[in-house]
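For reference, the structure discussed in these notes is given below.
This structure is a prediction, so every number in the text was calculated from the model and none was measured. Every chain is numbered from 1 and lettered A, B, ... according to where its sequence line falls, protein lines coming before strand lines.
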There are 2 protein chains.
Amino acid sequence: MNPIFHALFQKSRYLTNCLNEVLKQHNLYSSQWTILYCLHNHGPMTLTQIWKYLNVEAPSITRAITRLENLGWVLRVDGEDKREKIVTLSPYAEENFPAIKKTILAFEKEMVGALTDEEQQQFMILLEKMKG
Amino acid sequence: MNPIFHALFQKSRYLTNCLNEVLKQHNLYSSQWTILYCLHNHGPMTLTQIWKYLNVEAPSITRAITRLENLGWVLRVDGEDKREKIVTLSPYAEENFPAIKKTILAFEKEMVGALTDEEQQQFMILLEKMKG
DNA sequence: AGTATTTGTTTAGCTAGGTAAATAAATTAG
DNA sequence: CTAATTTATTTACCTAGCTAAACAAATACT
């Protein structure tokens with residue numbers, strides 16, 4: 001069995017756990033952060049836009065948004081098309097965003113700091129080649 | 001935000017889903033395969049040996065083994081030390097192992113075939129560098 | 001206009017990972 | 001030898017991903 005898969009899955013789990021650990025101070029999970037970051041960059045988005053962008057299935061986003069809404073990070077508003085819900089960052093999220101981003105940047109620097117820019121590019125290229 | 005993490009997490013999810021898809025014909029999930037493979041290589045193992053080897057937490061393995069046991073893939077036997085349970089592959093698992101391994105090898109060839117041996121090595125080295 | 005299909009979201013139910021805490025057996029300390 | 005601590009497993013409960021199917025609103029078809 002090719003050890004690449006094992007190594008890839010392990011590292012992915014490891015990094016997720018580290019990220020969760022670091023985000024605890026902001027009361028966030030890494031996946032929640034991903035959504036906040038997405039909304040911060042793109043502005044208000046429908047659920048469909050979010051799950052297509054993040055490349056996950058719709059139910060995962062429905063649940064994640066429900067939790068983020070309950071925690072006060074996002075607002076869910078009906079769109080003109082009455083089927084769709086539009087999600088926006090709450091003022092609370094906007095206010096706290098810079099501090100969280102700072103945490104994230106420090107984390108990334110720590111985790112990826114050992115790789116040069118070329119290595120990072122190379123890594124992305126190799127990742128890209130792994131598909132069916 | 002460094003796109004490396006997003007790319008890594010996405011690829012990890014993608015490959016897991018592909019592997020699950022391919023293993024459907026054997027009525028297995030990728031994580032279950034990982035455990036069967038582990039047992040096949042090492043012979044009988046305690047739960048602790050398994051979760052330490054696979055680098056996950058104990059409860060994940062307890063649950064996975066319970067399912068594998070119910071499906072008839074493994075047997076759970078008391079050890080001499082009455083605290084520990086020893087897990088072994090069932091005859092059914094031994095019998096089916098070669099066919100599953102064939103499926104896995106084909107999958108790996110398809111997914112990693114675009115990378116040369118040097119690229120695979122390079123990939124592992126870069127992965128290794130990503131830690132705190 | 002009325003029906004059929006598509007689209008956006010949600011619900012239900014599954015595996016996989018995590019932490020915290022319970023339990024039981026083994027080991028160590030006094 | 002009893003009490004305290006450690007070790008192996010399990011239970012309870014959380015997030016995150018998945019598929020399948022339900023539902024309502026919008027669109028397309030005839």
Decide if the gap between the ring center of B/W33 and the ring center of B/Y29 is smaller than 6.0 angstrom.
no
Separation between CG of A/N96 and CG of A/L28, rounded to the nearest 0.5 Å:
8.5 Å
Can you find a side chain N or O atom of B/T16 that sits less than 4.0 Å from OP1 or OP2 on D/dG17?
no
For B/K52 and D/dA8, give me the distance from atom NZ to atom P, rounded to whole Å.
6 Å
Check B/C38 against B/M45 and note the closest heavy-atom contact, atom names and distance.
SG-SD, 3.6 Å
NA contact type, A/E84, heavy-atom cut-off 4.0 Å: base, sugar-phosphate, or nothing?
sugar-phosphate
Quick check for you: among C/dA25, D/dG17, D/dA25, whose closest atom lies nearest to any side-chain atom of A/V56?
D/dG17
May I ask you to verify if any side-chain N or O of A/S60 is less than 4.0 angstrom from the OP1 or OP2 atom of D/dC18?
yes
side-chain N/O B/R76 vs D/dT10 OP1/OP2, d < 4.0 Å
yes
Kindly check if the number of other-residue, nucleotide or ligand heavy atoms within 6.0 Å of CZ (A/F97) is above 12?
yes
Per nearest nucleotide of DNA chain C, the residue lying toward the 5' end, A/K24 or A/A58, is A/A58
Interatomic distance, A/L19 CG vs D/dA16 P [rounded to whole Å]:
11 Å
Would you please confirm or rule out a distance under 4.0 Å between OP1 or OP2 of C/dA16 and any side-chain N or O of B/R67?
yes
For B/N20 and C/dA16, what is the distance between atoms CG and P respectively, to the nearest whole Å?
8 Å
Let's see if you can work this out: which of D/dT10, C/dT10, D/dC13 has an atom nearest to the side-chain heavy atoms of B/R63?
D/dC13
State whether A/S31 places a side-chain N or O below 4.0 Å from either non-bridging phosphate oxygen (OP1 or OP2) of D/dA16.
yes
Between the base of C/dG17 and the side chain of B/R13, is there a donor-acceptor distance below 3.5 Å?
no
A/Y29, nearest nucleotide to its side chain (from D/dA16, C/dA12, C/dA20):
D/dA16
How many Å lie between CD on B/E21 and P on C/dT15, as a whole number?
17 Å
Atom pair distance, as rounded to whole Å: CD in A/E57 and C1' in C/dG8:
14 Å
So which one's nearest nucleotide on DNA chain C is more toward 5', B/K82 or A/W51?
A/W51
Once you apply a heavy-atom cut-off of 4.0 Å, does B/N17 come out as touching a base, just sugar-phosphate, or nothing?
sugar-phosphate
Let's test your reading of the model: under 3.5 Å, does the base of D/dT7 pair with the side chain of B/R83 as donor and acceptor?
yes
Contact check, side chains of A/L68 and A/Q32, non-hydrogen atoms, under 4.5 Å:
yes
Measure from CE on A/M45 to P on C/dG8 and round the result to the nearest Å.
13 Å
Can you work out whether A/E80 or A/A64 has the more 5'-proximal nearest nucleotide on DNA chain D?
A/A64
OH of A/Y14 versus C1' of C/dG17: gap in Å, rounded?
17 Å
Determine the contact category for A/T62: base if any of its heavy atoms lies under 4.0 Å from a base atom, sugar-phosphate if only primed atoms, P, OP1 or OP2 are that close, otherwise nothing.
base
Do A/Q10 and B/L127 make a side-chain contact, defined as non-hydrogen atoms from C-beta onward lying under 4.5 Å apart?
no
Any side-chain N or O of B/K85 less than 4.0 Å from the OP1 or OP2 oxygen of D/dT10?
yes
With respect to the phosphate group of C/dA16, does any side-chain polar atom (N or O) of B/S30 fall under 4.0 Å of OP1 or OP2?
no
Take atom CG of A/L15 and atom P of C/dG18, then tell me their distance rounded to the nearest Å.
13 Å
